[in-house]
Amino acid sequence: MSVAGLKKQFYKASQLVSEKVGGAEGTKLDDDFKEMEKKVDVTSKAVTEVLARTIEYLQPNPASRAKLTMLNTVSKIRGQVKNPGYPQSEGLLGECMIRHGKELGGESNFGDALLDAGESMKRLAEVKDSLDIEVKQNFIDPLQNLCDKDLKEIQHHLKKLEGRRLDFDYKKKRQGKIPDEELRQAMEKFEESKEVAETSMHHLLETDIEQVSQLSALVDAQLDYHRQAVQILDELADKLKRRMREASSRPKREYKPKPRELLDLGEPEQSNGGFPCAAAPKITASSSFRSSDKPIRTPSRSMPPLDQPSCKALYDFEPENDGELGFHEGDIITLTNQIDENWYEGMLDGQSGFFPLSYVEVLVPLPQ
């Protein structure tokens, strides 16, 4: 950093201390500017929280949420991928129903009904895939771009404005000791930054109709999903009612028990002159060589070095959803990512997945 830059940093720091500690007053921005800044701050908070809640609404499962966040919109637009890459709960339910329906067979009313319901559930999963992709493309991605670009740019302009204000106020208080040309340049830079920040905030607030359009796209996607879901479920309900009518109109088969077979219990034959003989005790290899038996040890899991982020399992964890990582008490798991305040992503024995924070003790934390 140049000497002039160091001097400017010193001026700003000195002015900030005098305002925070000494109670000195700096240049006040006009009320319109403050009101605009307040609206931008509220917009930023709203967009950030709505984004998080929308992703959670689409996929409550943390493992699926992580995959939804990484969904490649460009691939979806080009038609390279037809599903979001994770199973929908409706699809898993449908596969379960179809599997058991086939096991029950065609002679079972319940089995046939399970097949009908399973196919409908799989269709619902496909419709849910379309909803996730549509919302990601037309609602989540545009709002994320607003956060990453426009709102971030406004914060940069406001930070720069605050720095130039401190520099200007420091030099203004020392008017006479600082050359007039330097004071004039400081004032011009402050006014320039104020105008840039004001323009960017005004543009954001005046074009908020774009966010209304994105919200409309979210509602349209939901409407389309629910219309298709209602149609699928209506068709399934009609099929099940028709099956009930057909089953009730068929004559019931009466149960006729088979005749029991009579057992002829004769006298047991004696091979030693009529005297019963006691069964000889069985001698097994295990009893003969019991003294030489040793407990079989199961091979222990490989333990990662503790110079990388890792944690120790406090309890057994059985995965219930696709993408979750199962482990046993005492296992050492390598940490790769933190999904949110309740879930980690890690690796164990070459397997990667998600698991709850409450089941482990962190040994080496992830870098901040």
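Below, all heavy atoms of this structure are taken into account, side chains as well, without hydrogens, waters or symmetry copies. Not measured: the values here are computed from a predicted model.
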TODO: Flag the pair E341 / L357 as yes when at least one side-chain heavy-atom distance between them is below 4.5 Å, and no otherwise.
DONE: no
TODO: May I have the step-by-step check of side chain to side chain contact (heavy atoms under 4.5 Å, CB included) for Q351 and L325, ending in yes or no?
DONE: CA-CA 7 Å; Q351 299 292 323; L325 177 68; 3.9 Å; yes
Task: Path from L146 to M36 over hydrophobic side-chain contacts below 4.5 Å - done: yes
TODO: Could you tell me whether the side chain of K128 reaches within less than 4.5 Å of the side chain of L124, counting heavy atoms only?
DONE: no
Open item on the list: What I want to find out is whether R243 reaches D116 closely enough, with some N-O distance under 4.0 Å, to be called a salt bridge.
Closed with: yes
Task: Pairwise distance CG(L215) to CG(N138) - rounded to 0.5 angstrom - done: 12.5 Å
Open item on the list: For V212, is there any backbone N or O sitting under 3.5 Å from a side-chain donor or acceptor partner on S216?
Closed with: no
Open item on the list: Within the structure provided, determine whether Y344 and V362 are in side-chain contact (heavy-atom separation under 4.5 Å).
Closed with: yes
Task: Flag for E324-N321: side-chain donor and acceptor within less than 3.5 Å - done: yes
- [ ] Determine whether M201 and L158 make a side-chain contact, defined as any pair of heavy atoms from C-beta on separated by less than 4.5 Å.
- [x] yes
Open item on the list: Around atom CG of D180, are there more than 12 heavy atoms from other residues, nucleotides or ligands closer than 6.0 Å?
Closed with: no
Task: R174 charged N/C atom sitting above Y170 aromatic ring, 6.0 Å / 45° - done: yes
Open item on the list: Counting only heavy atoms not in H203 (residues, nucleotides, ligands), do more than 12 fall under 6.0 Å from its NE2?
Closed with: no
TODO: Look up atom CG in D169 and atom CG in L16, then write down how far apart they are to the nearest 0.5 Å.
DONE: 11.0 Å
Open item on the list: Measuring only between side-chain heavy atoms, which start at C-beta, is E188 closer than 4.5 Å to R184?
Closed with: yes
TODO: May I ask whether L93 and L131 are part of the same hydrophobic cluster, defined by side-chain heavy atoms of I, L, V, M, F, W, Y residues being less than 4.5 angstrom apart, directly or through others?
DONE: yes
- [ ] Could you tell me whether the side chain of V360 reaches within less than 4.5 Å of the side chain of L335, counting heavy atoms only?
- [x] no
Task: Heavy-atom check, side chain of D208 versus side chain of T43, under 4.5 Å - done: no
Open item on the list: As an exercise, state the distance from NZ of K239 to CG of D112, rounded to the nearest 0.5 Å.
Closed with: 11.5 Å
Task: Joint hydrophobic cluster, I154 plus V50, side-chain heavy atoms closer than 4.5 Å - done: yes
Open item on the list: Could you check whether E181 and Q185, counting side-chain N and O atoms only, form a donor-acceptor pair closer than 3.5 Å?
Closed with: yes
Open item on the list: Please check if the number of heavy atoms outside E246 that lie under 6.0 Å from its CD is greater than 12.
Closed with: yes
Open item on the list: Taking the side chain as everything from C-beta on, heavy atoms only, tell me whether K171 gets closer than 4.5 Å to D167.
Closed with: yes
TODO: Assess whether salt bridge (Lys or Arg N to Asp or Glu O under 4.0 Å) is satisfied between K45 and D41, documenting all intermediate values.
DONE: CA-CA 6 Å; K45 291 178 181 177; D41 183 57; 3.5 Å; yes
- [ ] Can you establish whether the number of heavy atoms outside K172 located under 6.0 Å from its atom NZ is more than 12?
- [x] yes
Open item on the list: Applying side chain to side chain contact (heavy atoms under 4.5 Å, CB included) to F327 and D316, what does each step give before you reach the verdict?
Closed with: CA-CA 6 Å; F327 48 77; D316 292 352; over 6 Å; no
Open item on the list: If you compare all heavy atoms of L92 against all heavy atoms of P87, which two are closest, and at what distance to 0.1 Å?
Closed with: CD2-CB, 4.0 Å
Task: Residues in side chain to side chain contact (heavy atoms under 4.5 Å, CB included) contact with D30, at least two apart in sequence or another chain - done: D32, F33, K194, E198
- [ ] Specify the closest pair of heavy atoms between G346 and F355, including all atoms of both residues, with the distance to one decimal.
- [x] N-CE2, 3.6 Å
- [ ] With sequence neighbours excluded, tell me which residues meet salt bridge (Lys or Arg N to Asp or Glu O under 4.0 Å) with K38.
- [x] none
TODO: Rounded to the nearest 0.5 Å, what's the gap from CG on L348 to OG1 on T334? Could you check?
DONE: 8.0 Å
Task: Expected output: side-chain N337 to main-chain I339 donor-acceptor under 3.5 Å - done: no
Task: E162 with K159: basic N within carboxylate O range, under 4.0 Å - done: no
Task: Spacing of Q88 atom CD and D132 atom CG [to the nearest 0.5 Å] - done: 5.0 Å
- [ ] Write down the atom of S200, the atom of H157, and the distance for their closest heavy-atom approach.
- [x] OG-CD2, 3.7 Å
TODO: Count the heavy atoms of every other residue, nucleotide or ligand shown that sit under 6.0 Å from CD of E25, and state whether that count exceeds 12.
DONE: no
TODO: Indicate if L233 and M244 have the same hydrophobic cluster label, given that clusters are the connected sets of ILVMFWY residues with side-chain heavy-atom separations under 4.5 angstrom.
DONE: no
Open item on the list: Nearest 0.5 Å, please: how far is OG in S213 from CG in L218?
Closed with: 11.5 Å
- [ ] Could you pull out the closest heavy-atom pair between S120 and I232, with the gap in Å?
- [x] O-CG2, 3.7 Å
Open item on the list: Check for me, please, whether Y225 and F139 land in the same ILVMFWY cluster - side-chain distances under 4.5 Å, paths through other members count.
Closed with: yes
TODO: Compute the centroid of each ring, for F317 and then for Y359, and state whether the two points are separated by less than 6.0 Å.
DONE: yes
TODO: State which residue, out of Q228, E90, E235, fulfils the side chain to side chain donor-acceptor pair (under 3.5 Å) condition with R123.
DONE: E235
- [ ] Mind listing the closest non-hydrogen atom pair of L240 and A113 along with its distance?
- [x] CD2-CB, 3.7 Å
- [ ] For M347 and I333, work out which heavy atoms get closest and say how close.
- [x] O-CG2, 3.5 Å
Open item on the list: Are more than 12 heavy atoms, taken from residues, nucleotides or ligands other than K102, located less than 6.0 Å from that residue's NZ atom?
Closed with: no
